[in-house]
Amino acid sequence: MDDGKPTGPQAKWWSRPSAVGPAAEDRTPAAGDREPVAEGRGPAVEDREPAAQSPAPTPVPAQPSDSSGRPDEHGQEVPPPRPSGQPLHEPDEYSTPPYGGPGPWAPAPPVQRPTPAHGTVVPPGAGGPPPQYAATNAPGPQSPAPAAAPPAPADAFAPPQGATPADAFAPPQPAPADAFAPPPPHPHPGQAAPAQQHTQWLQYDPWGAPGQPLTRPGPPEGMEPGGRKKRRGGAFMGVLLLTLVAGGIGGGVGAYVERNGGLTTVELPQATRDSGDRAPESVAGIAASALPSVVTLHVSGTAESGTGTGFVLDGQGHILTNNHVVAPAGSSGDITVTFSSGETASAELVGKDSGYDLAVVRVRGVSGLKPLPLGNSDNVQVGDPVVAIGAPFDLSNTVTSGIISAKQRPITAGGEKGDGSDISYVDALQTDAPINPGNSGGPLVDTQAHVIGINSAIRAADSGRGPEAGGQSGSIGLGFAIPINQGKRVAEELISTGKATHPVIGVTLDMKYTGDGAKVGTKGADGTPAVAKDGPADKAGIKSGDVITQVEGQRVHSGEELIVKIRAHRPGDDLDLKLTRGGKERTVTLKLGSASGS
């Protein structure tokens, strides 16, 4: 803002004294000469230190100067310098610096900074020595530097009367440069550069130590030394490397702990060992009671071999099994019995019956045999729990459990010979306890470990035939067992006589009949009448062509089912039959006869 003051450059009214020597005596400054000013910096000041203290300069006569003023760089006229010898101010009787001689309290400059009138020529040495306080803890406000003025006449450099010795005017040693001091400000275009000496006086701190700042400020933001950047970068890389190493170690330790369960030996809690006793009715209790009485049979003959299961009937070494288990041995094959303890013994065939699919073998010279108690199959109810024991696929001492799924299932097995002589008819117990090839002949026991059936057949999913008929499928939950009541009677007969008897009614059935029921044929196999003369059926009044529909109140749908129902009884038992003749139903009662089995 223009307040009426001159805007042109002002004359410089003080500076450091130049070095005085032989060369200086010959130099006479020309009128109007100015000191160069660097762009963006304050006025150029001679900071050179005199090489040595020299005596006071010899007065040099003043040279006449051009009286006419010269225009400055801004076009304004600079007045000519005043004549030499004329004082700038009135004499000061107290000699107060800077107007008088320097007092004993120098070199501290005065706080006052009077501004000379425009155009006043000030000798270079009138301002006194420069300050020593180059660095402070806070910069003061900047003020524009005065413009350069023409040099004064040579006689203006003569010291006043009563001045101190020449060496008193020697400038003090400059203070060491402060590496942390901010750079000098740059002036705006059209504005004079601020005076360096004026800025130093604004930064002067009278209470600070000479030449030392109160605090050493850090470098400006964003101007960190390169060494610190390098150190910071090195520290960052070190921290990154340490993090990667720690992460790798931690990952390795974690993987080891996950795979091995820890860094030390792990001991998991565990229950103490018990006595091994189980409730007698549990599967484990049943198995523990029955297994010592169950054996595995390995049979080999001239043409084939097989594996099956059996169980001990008495202390004499009699063992009950299926007929199809011992059939491969024939009349001269070998039968080997393996007990649950692992002991083995040779066995001989006592008797067999293909119609019931039962056989009895005997071992000799074996002590400590434990017979398996027999139950009553008439007491079995659907849903009762059962346990099957055997050697499926030659895996001896295998225990499976299930329930009774059904009773009185008429099944037939065998028939490989083609003449029907090897077909067995069984009024079987059905169970879902897993039974597989090799379980044949093994016991099916109840919760009291009593035998209620002899595992004999399974339903094969592929062909509908059991494994004994060539099918080799595994268990599908359809297993069949011969009721023990029938097995007991047949076993007693085989042990006693070597043969078993079959109950019969004395008729020949038409096995090709497709209607509902069992139809009595017209002729026998050898051409004889279909109803045997004086046989049980003949005595009851049954004739050829009659269709039998019920036995003891149970419906029959085929000839096989009629045979199964009859063989479920003993010879000599009375049997009630219902039949149809000419579209009329009638009921007859007969006494079962007996026939030898094969």
Side-chain angles (χ1 to χ4, degrees), residues 323-324 327 331 351-359 410-427 469 486 489-490 493-494 496-598:
N323 175 67
H324 71 266
S331 59
K352 61 180 183 177
D353 187 274
S354 60
Y356 290 113
D357 193 20
L358 292 174
I411 63 170
T412 59
E416 286 83 2
K417 292 182 178 181
D419 57 358
S421 61
D422 61 338
I423 298 177
S424 59
Y425 300 90
V426 180
D427 195 20
Q486 183 177 345
R489 179 183 67 83
V490 174
E493 290 179 352
L494 292 176
S496 300
T497 64
K499 291 181 180 287
T501 59
H502 300 169
V504 295
I505 62 175
V507 298
T508 301
L509 299 176
D510 183 4
M511 303 304 292
K512 296 180 180 180
Y513 178 70
T514 58
D516 189 21
K519 183 179 181 180
V520 179
T522 57
K523 289 183 179 181
D526 51 358
T528 59
V531 177
K533 188 177 181 172
D534 297 333
D538 185 33
K539 294 178 181 179
I542 297 176
K543 299 183 180 294
S544 177
D546 290 346
V547 177
I548 302 172
T549 58
Q550 291 184 11
V551 176
E552 292 292 321
Q554 296 179 358
R555 188 79 182 180
V556 294
H557 303 282
S558 64
E560 288 85 354
E561 287 190 21
L562 178 61
I563 297 173
V564 168
K565 297 300 180 182
I566 291 174
R567 289 189 178 182
H569 296 81
R570 293 172 178 270
D573 291 346
D574 294 333
L575 200 64
D576 295 333
L577 303 175
K578 183 177 286 190
L579 54 86
T580 60
R581 181 186 301 168
K584 294 182 181 180
E585 291 186 353
R586 64 181 60 191
T587 300
V588 297
T589 300
L590 55 81
K591 185 182 288 292
L592 291 175
S594 176
S596 296
S598 59

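Keep in mind that the numbers below use all heavy atoms, side chains included, and drop hydrogens, waters and symmetry copies.
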Closest heavy-atom contact between [X] and [Y]?
X: G524; Y: T508; answer: CA-OG1, 3.8 Å
X: A532; Y: D538; answer: O-CB, 3.3 Å
X: S594; Y: V504; answer: N-CG2, 3.8 Å
X: A518; Y: S558; answer: CB-O, 3.7 Å
X: L494; Y: A359; answer: CD1-CA, 4.0 Å
X: L590; Y: A540; answer: CB-CB, 3.9 Å

Working to the nearest 0.5 angstrom, can you tell me the gap between [X] [atom1] and [Y] [atom2]?
X: Q554; Y: D576; atom1: CD; atom2: CG; answer: 12.0 Å
X: L592; Y: R567; atom1: CG; atom2: CZ; answer: 12.0 Å
X: D427; Y: H569; atom1: CG; atom2: NE2; answer: 8.5 Å
X: L562; Y: M511; atom1: CG; atom2: CE; answer: 9.0 Å
X: I563; Y: S424; atom1: CD1; atom2: OG; answer: 11.5 Å
X: K519; Y: L509; atom1: NZ; atom2: CG; answer: 11.5 Å

Checklist entry - Which pairs pass salt bridge (Lys or Arg N to Asp or Glu O under 4.0 Å) with one or both residues in residues 547-563, sequence neighbours excluded? => result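 Passing the test, one end in residues 547-563: D516-R555.
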Answer whether the closest heavy-atom distance between the side chains of [X] and [Y] falls below 4.5 Å.
X: Q550; Y: T587; answer: no
X: P571; Y: R489; answer: yes
X: E493; Y: Y356; answer: no

Please answer whether the main-chain N or O of [Y] pairs with a side-chain N or O of [X] as donor and acceptor at a distance below 3.5 Å.
X: S544; Y: G521; value: yes
X: D573; Y: R570; value: yes
X: T549; Y: G517; value: no
X: D357; Y: H324; value: yes

Item to check | Under the side chain to side chain contact (heavy atoms under 4.5 Å, CB included) test, residues paired with K543 that sit two or more places apart | outcome: D546, R581
Item to check | Qualifying residue, where the test is side-chain contact (heavy atoms from CB on, under 4.5 Å) with K565 and the options are V551, L577, I548 | outcome: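 With K565 as partner, side-chain contact (heavy atoms from CB on, under 4.5 Å) holds for just one option, V551.
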Item to check | D353/K499 under side chain to side chain contact (heavy atoms under 4.5 Å, CB included): CA gap, chis, key distance, verdict | outcome: CA-CA 7 Å; D353 187 274; K499 291 181 180 287; over 6 Å; no
